[in-house]
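First comes the structure, then the notes that go with it.
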Amino acid sequence: MLAKIIFGNLRHKPLHTALSVALLALSTGIIALLLSMQTQIEQKMERDLQEIDLVLGAKGSPLQLVLSAVYHLDAPTGNISMEDVQKIKRHPLVKQTIPLAYGDSYASFRIVGTDSNYVKKYDARLQRGRLFATDLEVVVGASVAQKTGLQLGQTFHSTHGEAAQGDIHEEHDYVVVGILEPTNTVLDQLILCTVGSVWTIHQPSEAESNHEGHDHEGHNDEEHDHEEHNHEAAEQELTALLVKFRSPMGIMTLPRMVNETTQMQAAVPALEINRLLGLMGIGTAALQALALAILVISGFSVFITLYNRLQERRYELALLRSLGCRKGQLFFLMIAEGFLLAILGFAGGHLLSRLGLAYVNQSSQAFHFAFQYDWVPTEAWLLLSSLLVGTLAALIPAWRAYRMDVSAALADPS
Amino acid sequence: MLYTTQLQFAYPGGQPFAFPDFQCEKGETLLITGKSGSGKTTLLHLLAGILQPTGGGVWIDGVDLATLQGSAIDRFRSQQIGLVYQKPHFVASLSVLDNLLLPSFFGQKKRSTQQLRHLADQLGIAHTLSKKPFQLSLGEQQRAGIARALVNEPPVLLADEPTSALDDENGHKVFELLQEQALQRGASLIVVTHDNRLKAVVKRQLQLH
């Protein structure tokens, strides 16, 4: 019966209810969206990092190098020579190195020349087919397969650079020999092949190789306006090298050695990413403050709604008391309304935030990262705080209902 | 059945009211009259335990209302007293049937929908049960108000100006209905009013000054 009264009252003034719920939904929605995105980006960054202690690449911005080589979000800084790479490989503190050579793409998915350790690092399993064994064989990530529709045995030409309208390397065909299971890591967005494949693709044809540096037709055209490294890849260079140390001692000595004695730079991904997340944190903190402000305002709106309704319902509530409703029950009625508004608001906000994620997923293809719709643990705090806001907003109206002068309210049937 | 002794009440900072002692037996109807401001509604609220007297007492069925504390008075009221108002207000968001269920819910007296239908039938409002209160005519509302007062079969019925909002014909009908239902159930009926039409039909009257 009490539930009937509560729901009946919320339904009775649908616009009041809708306004409160909408405001609550908006604020919790924004916060939930931010929390979810922030958590997922951090988790993804964390997952993609996978014990990569150090990234080596051409000199430039260390953040760019990390974003480019670990997350494949940025353009490469340049190329590094095999000679320098060998020096690092032989270093006693280095446990494992993974070569990366990239610069070409297919349907704006990056083609990365590497070895099988790269796949092992992310515990990726093959959904179908096998790993690449020889040059020009590729294994495609789950998202790539899904979005491009590439099938086993299918061949394709790579595009020079990352843009969809880049020059096409028509001399060589890549052939798909394997498709990876989804790993929820950067691998999903990549097309993997041997380092040799990338070199082969960029091998100048014999005629051209004699006139290096001149203006040519075909794919060498890009020399003056595209990154040089691709062209130089023909001279057996790498774009970046992922390094794992034998002991933490490596992190102390190797970066300095690299920066001082080679043409490469060493970037510590964990450090760079913390810096990046710290920068992003300022933006999300501002947005969260804004959303919190909306949450407070919506709490205020719930308060005003309940308070106004209390004035309107004075006689009705007095009537309930005269019919035997106890003070405590009346108090509960009012609190429950605020609580219910908060639950409805939170549910609406949850829905809104998921729609927001879907929209982000839809619109930011270039980011190559699909947000999941799962419940993020911090959202439990959001639920708690919105329930708290709803309950607090109902507290004063509930107290006034509890203390109501039944006789005066009944005598004044306005 | 119901009687008062040296009943007094004063609103904070207001003139104190002193009410004459009276009693009302089972099946009896008592009309309490008086002009506005004579304390009619105050008296009714004292009898219903909505207000606590500053002196004297109210006994219903041998129970001194002053001995009932907190929610006990609310429980007692819902089980022993049926209240009828001048303008029968309802919980606007609930159907008439649900409104009739309220006293049984708060009084913790089980009433089946069947019993309520029977009661509504007696009062001629069976066809309104699924409607919302505001969809009823004034006469229907007043009868629904009486039905609500009768749901828990209370031994005491208190009515505050039950007829003054109605025209002669409807007022007469409603009062007859009220008296008839009280008599049928052997309940004491106390009506507080300034409606002169009622003075002509009720024998026992008490004038407040």
Side-chain angles (χ1 to χ4, degrees), chain A residues 1-18 20 305-306 308-334 336-338 340-341 344 397-398 401-414, chain B residues 9 11-12 36 39-46 48-52 70-95 97-109 132-134 145 148-149 151-152 154 158 160-161 165 192:
Chain A
M1 199 56 177
L2 287 178
K4 254 187 186 169
I5 297 174
I6 295 164
F7 282 108
N9 187 48
L10 288 179
R11 262 204 314 273
H12 192 59
K13 293 276 172 167
L15 284 181
H16 283 157
T17 306
S20 298
T305 304
L306 291 178
N308 278 340
R309 288 286 291 140
L310 178 71
Q311 301 300 338
E312 286 172 35
R313 289 168 74 199
R314 246 170 84 78
Y315 193 92
E316 191 174 303
L317 296 175
L319 187 77
L320 287 179
R321 285 296 312 279
S322 81
L323 292 176
C325 175
R326 288 179 307 241
K327 286 177 171 187
Q329 285 175 312
L330 215 53
F331 187 80
F332 170 77
L333 275 179
M334 302 298 288
E337 272 182 36
L340 209 67
L341 284 176
L344 287 175
Y402 183 83
R403 296 283 309 268
M404 176 168 61
D405 182 345
V406 180
S407 171
L410 282 176
D412 172 33
S414 49
Chain B
F9 184 79
Y11 287 104
S36 322
K40 294 191 305 276
T41 298
T42 304
L43 177 57
L44 201 81
H45 287 175
L46 286 170
I50 293 171
L51 288 175
Q52 274 74 52
S71 61
I73 185 73
D74 294 323
R75 165 101 43 98
F76 182 84
R77 177 168 55 244
S78 63
Q79 290 175 351
Q80 307 290 324
I81 299 168
L83 280 160
V84 179
Y85 305 94
Q86 174 177 359
K87 266 192 81 189
H89 283 259
F90 297 92
V91 176
S93 55
L94 297 182
S95 68
L97 180 66
D98 283 333
N99 266 287
L100 293 185
L101 277 166
L102 285 174
S104 79
F105 172 75
F106 289 118
Q108 295 167 356
K109 282 196 166 184
K132 287 281 164 65
F134 69 87
R148 183 175 60 198
V151 164
N152 285 348
L158 303 176
D160 190 0
E161 305 277 13
V192 156

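Per chain, numbering begins at 1; letters A, B, ... match sequence-line order.
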> side chain to side chain contact (heavy atoms under 4.5 Å, CB included) between A:Ile5 and B:Leu102: does it pass, once the steps are laid out?
Replying inline: CA-CA 10 Å; A:Ile5 297 174; B:Leu102 285 174; 3.8 Å; yes

Give, for atom [atom1] of [X] and atom [atom2] of [Y], the distance between the pair rounded to the nearest 0.5 Å.
| X | Y | atom1 | atom2 | result |
| --- | --- | --- | --- | --- |
| B:Ser93 | A:Lys13 | OG | NZ | 11.0 Å |
| A:Gln329 | B:Asp74 | CD | CG | 8.5 Å |
| A:Leu323 | B:Ser104 | CG | OG | 10.5 Å |
| B:Phe90 | A:Leu319 | CZ | CG | 8.5 Å |

> Looking at residues at least two apart in the chain, or sitting in another chain, which of them share a ring-ring contact (aromatic ring centres under 6.0 Å, His included) with B:Phe9?
Replying inline: B:Tyr11

>> Can you tell me which of B:Ala92, B:Gly70, B:Gly49, B:Ala48 forms the most heavy-atom pairs within a distance under 4.5 Å of chain A?
In response: B:Ala92

> Between B:Val91, B:Thr41, B:Leu51, B:Leu94, which residue shows the highest count of heavy-atom pairs closer than 4.5 Å to chain A?
Replying inline: B:Val91

>> Determine whether B:His45 and A:Ser407 satisfy the following criterion, side-chain hydrogen bond (donor to acceptor under 3.5 Å, both in side chains), listing intermediate values before the conclusion.
In response: CA-CA 7 Å; B:His45 287 175; A:Ser407 171; 2.6 Å; yes

> Do side-chain atoms of A:Arg321 reach the backbone of B:Ile50 as a donor and acceptor pair under 3.5 angstrom?
Replying inline: no

> Which residues satisfy the salt bridge (Lys or Arg N to Asp or Glu O under 4.0 Å) test with A:Arg313, sequence neighbours excluded?
Replying inline: A:Glu316, A:Glu337

>> On a heavy-atom basis, which atom in B:Arg77 and which in A:Ser322 lie closest, and how many Å separate them?
In response: NE-O, 3.3 Å

> Side chain, backbone, both or neither: which part of B:Gln108 has a non-hydrogen atom closer than 4.5 Å to chain A?
Replying inline: side chain

>> So for A:Lys4, is it side chain, backbone, both, or neither that comes closer than 4.5 Å to the heavy atoms of chain B?
In response: both

>> With a 4.5 angstrom heavy-atom cut-off, is it the side chain or the backbone of A:Leu2 that approaches chain B, or both, or neither?
In response: both

> According to the interplanar angle, ranging from 0 to 90°, do the rings of B:His89 and A:Tyr315 count as parallel (below 30°), tilted (30 to 60°) or perpendicular (above 60°)?
Replying inline: tilted

